[in-house]
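Notes to accompany the following structure.
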Amino acid sequence: MSMIVSHAAAAPETYWKSVLPNAPMPKSLTQLLNNDKSMDILAKDTTKVGRRGSTNPFYYLYAATDDQLQDDPNLTLFFLENDLQRGKEMNLHFTKTTGPSSTFLPRRVADTITFSSKKLPELYARLAIKPDMVESQSMKQTISECEDKGMEGEEKYCATSLEAMLDFSTSKLGNEVKAISTEVKYTREMTTPLHKYTIKGVKKLADRAVVCHKLNYPYAVFYCHKTDTTALVYAVSLVGEDSTKAKAVAICHTDTTKWNPKHLAFRVLKVKPGTTSVCHFLPEDHIVWVPNYVYPHGFYRVFK
């Protein structure tokens with residue numbers, strides 16, 4: 001079964017402009033807008049939504065499995081704050097969560113679709129997904145994560161539309177905000193996902209933020225959260241060994257005492273919770289919302 005959208009597909013863009021008239025929409029979000037108003041945006045897709053048994057590395061209550069520690073591409077995204085230095089080399093794999101079919105639904109459509117673990121059979125039927133498919137397992141995991149109460153001191157929300165994400169972020173930070181994401185400009189087709197980059201510059205953007213992580217789902221769903229503890233946001237310019245350029249967003253968590261001690265970051269970095277700031281780059285299709293102001297010069301760490 002599928003659903004046809006009969007109203008204007010540009011509605012999310014219109015809403016964005018009404019709330020943030022002076023803030024540009026990041027490319028990673030514009031790519032998730034469906035601009036064909038007659039297209040069936042919930043049509044069946046053969047692309048795998050997720051990998052059976054995989055976990056979200058940016059959900060800090062999860063313990064990493066041995067398989068995840070061996071082959072999860074996100075493990076290269078974790079590092080220590082002291083690593084944010086000009087000339088530092090890092091082997092990175094900037095990932096995207098899903099294929100291009102995973103686009104935003106307008107809120108008036110998304111709000112009509114059940115998003116509850118208690119109604120999974122109904123949801124599978126509406127989206128034409130069989131319970132034994134890889135897609136169904138990823139959907140079940142995503143909904144479970146969204147329904148979990150999260151960490152103490154964490155304000156979390158799973159946005160099933162761009163409008164909902166915008167509302168949550170501005171409710172926590174106010175309307176003077178901007179949304180940014182990691183952008184990578186490849187000079188050629190990558191022969192391997194893992195690539196060596198050198199840091200060319202670092203700039204602190206904010207000390208509070210709402211971070212929205214894209215989840216595995218048939219349409220765009222984001223896990224957005226804000227914590228009581230400080231999350232430092234940095235813009236990092238990187239150049240790859242083949243001249244590929246990246247403008248990456250890095251988040252540094254200054255208090256990790258409430259994370260799962262077996263979280264992927266601790267296993268990769270070989271540190272214990274609460275002993276040091278733990279940082280990670282954001283994949284290309286994740287979003288961070290920060291106050292739209294400029295730090296005094298003394299707060300910059302900029303390298304030309």
Side-chain angles (χ1 to χ4, degrees), residues 1-3 32 34 40-78 93-105 109-151 154 156-161 164-165 193 211-225 259-260 262-265 267-268 280 282-287:
M1 183 180 297
S2 61
M3 180 182 302
L32 297 178
N34 193 311
D40 182 353
I41 55 181
L42 291 181
K44 184 71 177 67
D45 180 36
T46 58
T47 304
K48 297 300 182 186
V49 176
R51 189 171 44 137
R52 191 183 302 273
S54 64
T55 58
N56 176 8
F58 306 110
Y59 188 56
Y60 307 118
L61 293 180
Y62 280 158
T65 64
D66 290 338
D67 288 343
Q68 188 181 11
L69 190 64
Q70 291 179 3
D71 60 10
D72 191 327
N74 290 300
L75 62 87
T76 68
L77 300 180
F78 289 98
H93 176 196
F94 288 109
T95 62
K96 290 187 177 181
T97 305
T98 59
S101 63
S102 181
T103 56
F104 275 117
L105 299 181
V109 176
D111 287 352
T112 68
I113 301 175
T114 302
F115 194 80
S116 169
S117 57
K118 296 179 180 179
K119 298 291 184 71
L120 275 172
E122 175 186 321
L123 182 56
Y124 293 154
R126 186 166 188 182
L127 301 182
I129 292 177
K130 297 180 181 178
D132 59 348
M133 296 173 65
V134 173
E135 290 89 341
S136 65
Q137 298 300 313
S138 296
M139 290 172 60
K140 182 178 179 179
Q141 182 172 296
T142 288
I143 293 176
S144 175
E145 181 178 314
C146 288
E147 292 178 338
D148 188 272
K149 66 179 182 179
M151 295 188 303
E154 178 188 26
K156 55 172 286 192
Y157 175 71
C158 281
T160 58
S161 67
M165 185 203 299
V211 184
C212 294
H213 305 287
K214 193 163 187 289
L215 301 178
N216 287 319
Y217 213 69
Y219 54 89
V221 173
F222 281 80
Y223 174 93
C224 299
H225 59 146
W259 292 22
N260 190 314
K262 295 183 179 180
H263 186 272
L264 182 64
R267 298 190 66 179
V268 169
H280 59 79
L282 288 182
E284 290 184 80
D285 51 3
H286 293 209
I287 305 294

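The structure displayed is predicted, hence computed values, not measured ones.
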Quiz item: Between Ser117 and Ile143, what is the shortest heavy-atom contact and its length?
Solution: N-CG2, 3.4 Å
Exercise. Could you check if a side-chain atom of Thr114 sits within less than 4.5 angstrom of a side-chain atom of Arg126, using non-hydrogen atoms only?
Key: no
Quiz item: Could you walk me through whether Ser161 and Leu105 pass the side chain to side chain contact (heavy atoms under 4.5 Å, CB included) check?
Solution: CA-CA 6 Å; Ser161 67; Leu105 299 181; 5.8 Å; no
Quiz item: Would His286 and Phe94 count as a close aromatic pair, with their ring centres under 6.0 Å?
Solution: no
Exercise. Would you indicate whether the side-chain heavy atoms of Ile287 and His213 approach each other to under 4.5 Å?
Key: no
Self-check item: Side-chain heavy atoms of His280 within contact of Leu282, under 4.5 Å
Solution: yes
Quiz item: To the nearest 0.5 Å, how far apart are CD1 in Ile113 and CD in Glu122?
Solution: 11.0 Å
Quiz item: SG of Cys224 to SG of Cys158, below 2.5 Å?
Solution: no
Quiz item: Is there side-chain contact between Leu32 and Lys214, with heavy atoms separated by less than 4.5 Å?
Solution: yes
Self-check item: Atom NZ of Lys156: over 12 foreign heavy atoms under 6.0 Å
Solution: yes
Self-check item: Check: Tyr219 and Thr160 side chains under 4.5 Å, non-hydrogen atoms
Solution: yes
Quiz item: Is any side-chain heavy atom of Leu215 less than 4.5 Å from a side-chain heavy atom of Ser138?
Solution: no
Quiz prompt | Closest heavy-atom pair and its distance - Cys212, Phe222 | solution = O-CD2, 3.7 Å
Quiz item: Which is it for Arg267 and Phe78 under the side chain to side chain contact (heavy atoms under 4.5 Å, CB included) test, yes or no, and what are the steps along the way?
Solution: CA-CA 10 Å; Arg267 298 190 66 179; Phe78 289 98; over 6 Å; no
Self-check item: Worked verdict on Leu120 versus Lys140 for side chain to side chain contact (heavy atoms under 4.5 Å, CB included)
Solution: CA-CA 8 Å; Leu120 275 172; Lys140 182 178 179 179; 3.8 Å; yes
Self-check item: Residues in side-chain contact (heavy atoms from CB on, under 4.5 Å) contact with Ser144, at least two apart in sequence or another chain
Solution: none
Practice problem: Enter the distance from Gln137:CD to Gln141:CD here, rounded to the nearest 0.5 Å. | Solution: 9.0 Å
Self-check item: Close side-chain approach of Met139 to Leu123, heavy-atom, < 4.5 Å
Solution: yes
Quiz item: Can you list the residues that meet the side chain to side chain donor-acceptor pair (under 3.5 Å) rule with Ser116, with sequence neighbours excluded?
Solution: none
Quiz item: Is there any ring-ring contact (aromatic ring centres under 6.0 Å, His included) pair reaching into residues 113-132, and which pairs are they, with sequence neighbours excluded?
Solution: Phe115-Tyr217
